[in-house]
Amino acid sequence: DRATLLDYGLQSAPSTNNGIGVIAHQQFLYWNWRFSVERLYGGTLDDIGLGWKGPALPSGREGVYSCFATYVNWVFAGIDAGASGTSTVQVWDGLSWHEFFRAPAAGMRIRDVAIQPGTTPRLWIDCGGEMIYITLSANKSNPLYDTTTQYMHEGYLVSSTIDMGTASKLPKFIKELTATVANLNGAGIRVEVDYQTDQKIGKDGYNYWVTAQPFTYSPEDTIDIGASCTQFRYRLRLMTDIAITPPDVKGIVPSGHARGPIKQTWTFTVTTGGGKGKGKVDRDEFEK
């Protein structure tokens, strides 16, 4: 029956944005603080924001957690990246954050998110003054198990840079990629593949990507790469002409090898004496 101040040191980083997004979910209370999110349970407070507990968003997509909405076991959070950044909606599943929606253009600020319940639940997003919704699975969290879920006809996934860590400077040869993918039928459902090497890695534009063969067969398919490089990364473009049946990538493995610097050794016999009246030459003198 009496309020008690919980001194967690929040006063060391004041901001007019602190606390603009607050929500209670299950046994926790969530609110935004600076560019992060705090989670309160009883008298225990921990920080779960992107960039502090886990990996950060790329520059230009960071911002303030401006709003929250809950749906069963999920917490949706809108990140307002300001007038020049690209805002997103992230979803917290209790363990980590996942990007659920990205604004179609920079400067389209996300100010609010809300759940519309019903047999066809929707997540509504106030994005740049436009109302956008995404249909959610009604009875399960994984849309792959919900046959009524509709997907975009194209999506993409970019791998991390493959450089073998401490062997990052060694020359490498990437021979092929092998993928385990469900639902491929060789025509309307496929996975297009592009890759980058060395200095082109991280750059955008058609000229910085090399197009390889597509994955077209399930459950497993292998395509040739044949790239000589020191660093390598690939991009998967997931394509489907059937909205309710996406390509389901379960795993992908690059195959190749790295080698150390080439060391060449020649073995031969040298005659250092005799012939034309010359005497034997000392070996040490010959080596000089």
Side-chain angles (χ1 to χ4, degrees), residues 21-32 37 39-41 46 48-50 53-55 57 65-80 87-104 108 110-127 130-157 179-191 215 217-220 236-252:
V22 181
I23 200 164
H25 181 242
Q26 297 175 349
Q27 71 269 39
F28 300 106
L29 178 67
Y30 299 84
W31 77 88
N32 76 299
V37 179
R39 180 177 63 177
L40 179 67
Y41 174 64
D46 62 334
I48 61 170
L50 285 165
K53 183 180 178 64
L57 288 170
Y65 289 77
S66 60
C67 48
F68 296 95
T70 61
Y71 180 64
V72 194
N73 196 42
W74 289 350
V75 178
F76 291 100
I79 297 182
D80 180 1
S87 300
T88 63
V89 174
Q90 304 282 331
V91 60
W92 172 257
D93 62 4
L95 296 175
S96 57
W97 293 98
H98 309 272
E99 186 178 66
F100 202 79
F101 168 81
R102 187 184 304 177
M108 297 184 67
I110 293 178
R111 305 299 187 97
D112 201 4
V113 290
I115 297 294
Q116 175 187 339
T119 55
T120 306
R122 293 172 175 173
L123 172 69
W124 285 90
I125 306 165
D126 175 1
C127 181
E130 301 288 342
M131 296 302 295
I132 300 172
Y133 73 84
I134 298 176
T135 302
L136 304 175
S137 298
N139 301 315
K140 48 188 72 71
S141 63
N142 190 337
L144 292 172
Y145 300 139
D146 186 349
T147 57
T148 65
T149 298
Q150 295 191 4
Y151 298 84
M152 294 294 293
H153 291 283
E154 180 177 357
Y156 71 92
L157 171 68
T180 302
V181 188
N183 300 331
L184 298 185
N185 61 10
I189 305 175
R190 63 199 183 281
V191 177
F215 293 114
Y217 298 102
S218 291
E220 183 178 288
L236 306 181
R237 289 185 284 123
L238 314 176
M239 317 286 285
T240 179
D241 294 339
I242 307 171
I244 62 173
T245 308
D248 180 9
V249 179
K250 300 181 181 298
I252 182 166

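- Considering only heavy atoms from C-beta on, D93 comes within 4.5 Å of H98 through its side chain.
- Of the inter-residue distances, the one linking T88 atom OG1 with I79 atom CD1 reads 4.0 Å to the nearest 0.5 angstrom.
- The backbone N or O of E220 lies less than 3.5 Å from no partner atom in the side chain of T180, so there is not a single donor-acceptor pair.
- T240 places a side-chain N or O within donor-acceptor distance of the main-chain N or O of T245, the cut-off being under 3.5 Å.
- Put simply, OH on Y133 and SG on C127 are 15.5 Å apart, with the number rounded to the nearest 0.5 Å.
- Judged purely by atom type and a 3.5 angstrom limit, Q90 uses its side chain to pair as donor or acceptor with the backbone of E99.
- Side-chain contact between Y151 and L144 is present, with heavy atoms from C-beta onward closer than 4.5 Å.
- Distance OH/Y30 to CZ/R39: 5.5 Å, rounded to 0.5 Å.
- M131 CE: more than 12 foreign heavy atoms inside a 6.0 Å radius.
- With hydrogens and angles disregarded, no donor-acceptor distance shorter than 3.5 Å links the side chain of W97 to the backbone of P55.
- Looking at N32, its side chain never comes within 3.5 Å of a backbone N or O of S66 through a donor-acceptor pair.
- The CD1 atom of I189 lies 12.0 Å from the CE atom of M239; values are rounded to the nearest 0.5 Å.
- Side-chain contact between V249 and F215: absent, with no pair of heavy atoms (C-beta onward) separated by less than 4.5 Å.
- Judged purely by atom type and a 3.5 angstrom limit, S137 has no side-chain atom pairing as donor or acceptor with the backbone of N142.
- Interatomic distance, D126 CG to M108 CE, rounded to the nearest 0.5 Å: 9.5 Å.
- With hydrogens and angles ignored, the 3.5 Å screen pairs no side-chain donor or acceptor of H153 with any backbone N or O of L238.
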Practice problem: Verify side chain to side chain contact (heavy atoms under 4.5 Å, CB included) between Y71 and L123, making sure each step is shown before the conclusion. | Solution: CA-CA 9 Å; Y71 180 64; L123 172 69; over 6 Å; no

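- Remark: of the listed residues I23, V22, D112, V113, I23 is the sole one forming a side-chain contact (heavy atoms from CB on, under 4.5 Å) with F68.
- For the pair I242/N183, no side-chain contact is recorded, criterion being any heavy-atom separation below 4.5 Å from C-beta on.
- Using the six-membered ring where Trp is involved, W74 and F76 have ring planes that are perpendicular, over 60° apart on the 30 and 60° scheme.
- Between W92 and V37 there is no side-chain heavy-atom pair separated by less than 4.5 Å.
- Atom CG in L50 sits 5.0 Å away from atom CG in L57 (nearest 0.5 Å).
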